[in-house]
Amino acid sequence: MAEDLDAILGDDSEERREEPKPDKPTQEFKPGVGVDIGTSNIVVSRQTKDGKFVSRFHRNMLYPLEISEESADLLERSSYLYVKVGSNYYVIGEDALKLVNAIGKGSVVRPMKDGILNPSLKESSELLFFIIKAVVGDPKTKNEPLRFSIPANPIDVDMDNVFHKMVLSNFFKKLGYDPKAVNEAMCIAYDCNPVMKSEDEGDLDMSGITVSAGAGMWNIALAFKGLSLVEFSCTKSGDHLDEQVSKMTGVPKTKVIKVKEKKLDLDNTDMSDNVQYALSVYYEQMIDRMVHHITQAFKDQTSEMDGEIEVVVAGGTSMAPGFCNKLKDSFDRSDLPFEVYRVRHSETPFYTVSQGACIRAQADYAKLQKKT
Amino acid sequence: MGDYLKKSQFNLSLSDDKSPKETGEPNSQAQVDTSAIADAVIAAIGQKLKSGSGHGNIVSDSYEDFDETKTMERLAEGMTIQKGDKESNFDDLGNVKESEKREDVQNRIDLLSDLDDE
């Protein structure tokens with residue numbers, strides 16, 4: 001076992017630890033927290049009084065290990081972060097991915113699936129609550145406004161987010177916050193400010209299409225002056241793509257994820273690499289499918305949207321270089337009833353949803369102040 | 001709870017991108033306009049048929065008039081109760097990233113605080 005452990009741990013186990021870096025004690029924050037609980041990551045944002053966003057992020061994945069002498073020994077000798085629940089240890093976060101890669105068998109599990117609590121993981125809510133508590137921390141003021149992002153109901157599967165919203169809301173209430181849900185795609189409008197070029201009114205802020213391409217699903221909204229006109233989601237996003245490529249190529253999913261995150265360039269795909277080639281094919285199919293749904297959903301929204309619009313994208317699945325070009329090409333080929341003058345990537349795609357939620361939470365606080 | 005979720009999951013696995021309306025072939029031999037009937041049924045039972053998981057959904061919709069909100073609230077409350085002891089080797093989690101100063105957002109906070117959208 002010791003030799004096996006050495007092979008698994010390698011010589012950099014100390015570097016593996018996801019060290020929490022505390023917020024600087026001198027930093028003062030404006031009231032209002034934004035939380036993005038995605039299928040893949042949890043991101044929490046606050047804004048300092050001098051205008052910087054401070055975001056804390058954690059990879060939302062687990063690797064279950066049955067409780068045994070060997071697993072206890074592994075955890076003792078490593079610096080992997082874990083939670084012990086029921087008959088399992090759950091190695092959490094980035095460590096879960098590293099461990100499954102090192103062991104070379106099994107797979108990571110997620111407390112979330114397709115944007116909501118994973119129904120196939122018995123302890124998903126308990127684990128998620130435990131993890132959320134450690135990432136979000138305590139409120140800075142009593143009943144501090146908190147906005148957590150939720151997906152819109154998907155148009156391609158029978159799924160309702162009401163229960164998910166209730167569970168998360170209860171989590172945050174228990175932590176002492178005043179929580180409200182906010183649509184994930186609208187958060188991008190708050191943070192990135194898509195601009196519509198209206199013939200009558202000139203440039204209109206927070207107006208356009210926003211897309212959050214996450215691991216579980218795409219969330220899409222049509223925003224007009226900060227209001228949501230239409231919002232919906234579609235499943236079969238990044239995770240589905242990884243699964244399909246893994247099946248087609250016979251390469252384990254964790255390795256597919258690695259290639260996707262480190263090597264894939266959709267503008268310049270290495271066709272000699274089977275995984276990259278398959279990824280690029282599935283990316284194009286996914287983008288065309290989403291644009292098809294967007295075209296269908298927005299075809300009746302021409303009364304307010306009387307100008308050229310901007311599309312802003314964010315989310316982990318949009319991180320591949322060349323993603324925006326592919327999306328613009330697909331929009332140009334579509335029957336969308338508006339002209340898209342630009343597809344823009346969020347400057348901080350990983351943090352945009354939580355920052356947008358934080359902006360909305362700050363607006364809630366300002367609203368409260370006006371009332372009192 | 002588990003059974004409820006498993007049932008939902010089962011429904012998900014059966015569904016695909018196409019709505020029943022899209023997949024249904026018109027019955028050219030019958031005198032009855034089946035597509036008109038399908039349209040009327042879809043209009044009557046609303047969005048829930050969209051997943052296209054077939055008869056299972058239609059049957060379940062027949063008793064969906066019952067308001068499940070209170071039941072769901074109780075179940076959601078139950079899910080926040082932490083059962084048994086947990087052991088972990090961390091107190092707080094996550095890496096921290098700081099952005100540049102973002103003075104552009106204040107206008108949007110002001111605008112959003114005036115919206116009456118909820």
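Reminder, nothing fancy here: chain letters follow the sequence lines and each chain counts from 1.
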Inset, instruction - Please assess Leu93(B) against Leu81(A) for the test side chain to side chain contact (heavy atoms under 4.5 Å, CB included), listing each intermediate value before the final yes or no. - result: CA-CA 9 Å; Leu93(B) 279 177; Leu81(A) 299 177; 3.6 Å; yes

Inset, instruction - Quick one: do Tyr80(A) and Asn89(B) satisfy side chain to side chain contact (heavy atoms under 4.5 Å, CB included)? Show the steps, please. - result: CA-CA 9 Å; Tyr80(A) 293 135; Asn89(B) 61 349; 5.9 Å; no

Inset, instruction - Report the C-alpha distance between Val105(B) and Gln47(A) in whole Å, list the side-chain angles of each, state the deciding distance to 0.1 Å, and finish with yes or no for side chain to side chain contact (heavy atoms under 4.5 Å, CB included). - result: CA-CA 10 Å; Val105(B) 302; Gln47(A) 195 177 24; 3.5 Å; yes

Inset, instruction - Check the pair Ser113(B), Lys370(A) against side-chain hydrogen bond (donor to acceptor under 3.5 Å, both in side chains), reporting the backbone distance first and the verdict last. - result: CA-CA 9 Å; Ser113(B) 67; Lys370(A) 282 177 194 171; 2.8 Å; yes

Inset, instruction - Start with the C-alpha gap between Arg102(B) and Asp191(A), add the side-chain angles, then the distance that decides, and say whether side chain to side chain contact (heavy atoms under 4.5 Å, CB included) holds. - result: CA-CA 10 Å; Arg102(B) 292 280 306 274; Asp191(A) 186 52; 3.1 Å; yes

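Of all non-hydrogen atoms in Tyr82(A) and Phe90(B), the two that sit nearest each other are O-CE2, 3.4 Å. Closest approach of Leu112(B) to Gly226(A), counting heavy atoms only: CD2-O, 4.1 Å.
Looking at Leu111(B), the atoms closer than 4.5 Å to chain A (heavy atoms on both sides) all sit in the side chain, from C-beta outward. For a residue to count as touching a neighbouring chain, one of its non-hydrogen atoms must lie under 4.5 Å from one of that chain's; by this rule Asp114(B) touches chain A with backbone and side chain alike. For Phe350(A), no part sits under 4.5 Å from any heavy atom of chain B, backbone or side chain. Contact annotation for Lys371(A): neither backbone nor side-chain heavy atoms come within less than 4.5 Å of a heavy atom of chain B. Of the two parts of Leu168(A), neither the backbone nor the side chain holds a non-hydrogen atom closer than 4.5 Å to a non-hydrogen atom of chain B. Contact of Val162(A) with chain B is made through the side chain alone, with heavy-atom distances under 4.5 Å.
Across Lys165(A), Met206(A), Glu347(A), Gln362(A), the residue that shares the most heavy-atom pairs under 4.5 angstrom with chain B is Met206(A). The choice from Glu103(B), Lys97(B), Gln106(B) that makes the most heavy-atom pairs within less than 4.5 Å of chain A is Lys97(B).
In this structure, Ser55(A) OG and Asn95(B) CG are separated by 12.0 Å, a value rounded to the nearest 0.5 Å. How far CD1 of Ile109(B) is from NZ of Lys367(A): 14.0 Å, rounded to the nearest 0.5 Å.
Of the possible polar contacts, none joining the Asp92(B) side chain to the Ala134(A) backbone as a donor-acceptor pair under 3.5 Å is found. No donor-acceptor pair closer than 3.5 Å links the side chain of Arg108(B) to the backbone N or O of Asp205(A). Distance alone, capped at 3.5 Å, places no donor-acceptor pair between the Lys101(B) side chain and the Phe53(A) backbone.
For Gln27(A) and Glu98(B), the side-chain atoms include at least one donor-acceptor pair closer than 3.5 Å.
Between Tyr351(A) and Ser99(B) the shortest side-chain heavy-atom distance does not fall below 4.5 Å. Using a 4.5 Å cut-off on side-chain heavy atoms (C-beta onward), Val96(B) and Phe57(A) make no contact. Contact annotation: the side chain of Val83(A) never approaches that of Glu87(B) to less than 4.5 Å [non-hydrogen atoms, C-beta and beyond].
Counting non-hydrogen atoms of other residues, nucleotides and ligands closer than 6.0 Å to CD of Glu100(B) gives a total of 12 or fewer. The number of heavy-atom neighbours closer than 6.0 Å to NZ of Lys133(A), taken from other residues, nucleotides and ligands shown, is 12 or below.
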